[in-house]
Amino acid sequence: MRSRDPRRGEPQHHEIYRDSNYYDDEYYADEYYAAEYDSSEYHGDDSRYGSSPRRAGIVVRAARVVSGIVTGAVLVLMLVVCGAHYLGGERDFPGPGAESVAAHVAAAVVAVVAQVFADRRRGPISVFAAIVVVFTASILLFTQWWG
């Protein structure tokens with residue numbers, strides 16, 4: 001495709017023209033960069049920068065998914081209880097008490113902190129943090145909803 005350069009009026013080619021002498025120009029300092037740059041240092045040999053992180057196992061990922069869903073449910077329950085407490089106080093009907101609101105807020109804080117910890121760690125400690133989320137939610141449900 002040919003087009004005219006708006007400043008010079010010369011035709012432009014959008015294809016890049018390269019021949020066998022393209023890299024033989026004096027401004028292409030291949031030897032300079034080759035001595036300074038060792039490609040195995042950046043691409044092949046992982047001893048300098050460490051290896052790339054591996055993907056977490058299926059158990060860890062499943063535990064994170066389950067605990068993430070449970071954390072979201074605990075947050076929704078906290079919002080529902082706080083909203084019911086607010087509306088109960090505004091409209092003079094009995095709603096959840098302050099201890100129920102405090103229990104839901106405390107459980108939500110513990111669940112969110114444990115979920116963030118589970119998402120940022122790998123291995124058994126991540127699974128343990130996910131178990132803390134599920135345990136916290138189960139304690140909240142047994143004491144505040146089914147008790």
Side-chain angles (χ1 to χ4, degrees), residues 1 3 5-6 12-147:
M1 176 176 192
S3 63
D5 186 6
Q12 290 181 337
H13 297 281
H14 292 287
E15 301 91 21
I16 297 175
Y17 176 73
R18 292 188 178 141
D19 61 0
S20 61
N21 296 328
Y22 183 76
Y23 294 107
D24 291 338
D25 292 335
E26 60 188 42
Y27 59 86
Y28 187 77
D30 192 24
E31 295 83 18
Y32 175 75
Y33 291 114
E36 190 176 299
Y37 173 75
D38 182 15
S39 64
S40 66
E41 186 175 296
Y42 297 99
H43 301 291
D45 184 19
D46 288 337
S47 63
R48 181 172 178 185
Y49 295 104
S51 62
S52 61
R54 293 187 340 224
R55 189 173 181 184
I58 188 72
V59 174
V60 175
R61 287 185 287 157
R64 287 179 188 164
V65 167
V66 170
S67 66
I69 292 170
V70 170
T71 300
V74 169
L75 287 172
V76 169
L77 286 177
M78 181 199 66
L79 292 175
V80 167
V81 169
C82 289
H85 181 71
Y86 174 75
L87 289 176
E90 289 289 317
R91 301 194 181 175
D92 294 331
F93 71 86
E99 61 276 349
S100 181
V101 172
H104 280 81
V105 169
V109 168
V110 169
V112 167
V113 168
Q115 180 63 36
V116 168
F117 189 81
D119 287 339
R120 293 186 180 177
R121 301 283 193 251
R122 288 191 290 156
I125 193 74
S126 178
V127 175
F128 178 73
I131 290 171
V132 167
V133 170
V134 174
F135 181 73
T136 302
S138 64
I139 293 297
L140 177 70
L141 288 176
F142 282 121
T143 60
Q144 299 298 314
W145 289 86
W146 297 324

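Computation of the quantities below employed the complete heavy-atom set of this structure, encompassing side-chain atoms and omitting hydrogens, waters and symmetry-equivalent molecules. Source: prediction; values computed, not measured. Residue numbers run from 1 in the order of the sequence given.
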J.: Between OG of Ser100 and CG of Leu140, what distance do you get to the nearest 0.5 Å?
T.: 8.0 Å
J.: Using modelled atom types and a 3.5 Å cut-off, is there a donor and acceptor pairing between side-chain atoms of Gln115 and backbone atoms of Gly68?
T.: yes
J.: Can you see which heavy atom on Val133 is nearest to which on Ala114, and at what distance?
T.: CG2-CB, 3.5 Å
J.: To the nearest 0.5 Å, what is the distance between CD1 on Ile58 and CZ on Arg61?
T.: 4.5 Å
J.: Measure the CZ-CZ distance between Phe128 and Arg121 for me, rounded to the nearest 0.5 Å.
T.: 13.5 Å
J.: Look only at the side chain of Ser138 and the backbone of Val134, and say whether a donor-acceptor pair between them is shorter than 3.5 Å.
T.: yes
J.: Can you see which heavy atom on Val81 is nearest to which on Pro96, and at what distance?
T.: O-CG, 3.7 Å
J.: Between Ile125 and Phe117, is a side-chain contact (heavy atoms from CB on, under 4.5 Å) present by the stated rule, with each step listed?
T.: CA-CA 9 Å; Ile125 193 74; Phe117 189 81; 3.5 Å; yes
J.: Is atom CZ of Phe142 surrounded by more than 12 heavy atoms (other residues, nucleotides or ligands) closer than 6.0 Å?
T.: no
J.: With rounding to the nearest 0.5 Å, note down the distance linking OG1 in Thr136 to CG in Leu141.
T.: 11.0 Å
J.: So does Arg64 get a backbone contact from the side chain of Ser67, meaning a donor-acceptor N/O pair under 3.5 Å?
T.: yes
J.: Grab the two heavy atoms, one from Phe93 and one from Leu87, that are nearest each other, plus how far apart they are.
T.: CE2-O, 3.5 Å
J.: Ser126 and Val60: which non-hydrogen atoms are nearest, and at how many Å?
T.: OG-CG1, 3.7 Å
J.: Can you give me the closest heavy-atom contact between Val74 and Ala111, atom names plus distance?
T.: CG1-CB, 4.4 Å
J.: About how many Å separate NE2 of His104 and CD of Glu99, when rounded to the nearest 0.5 Å?
T.: 11.5 Å
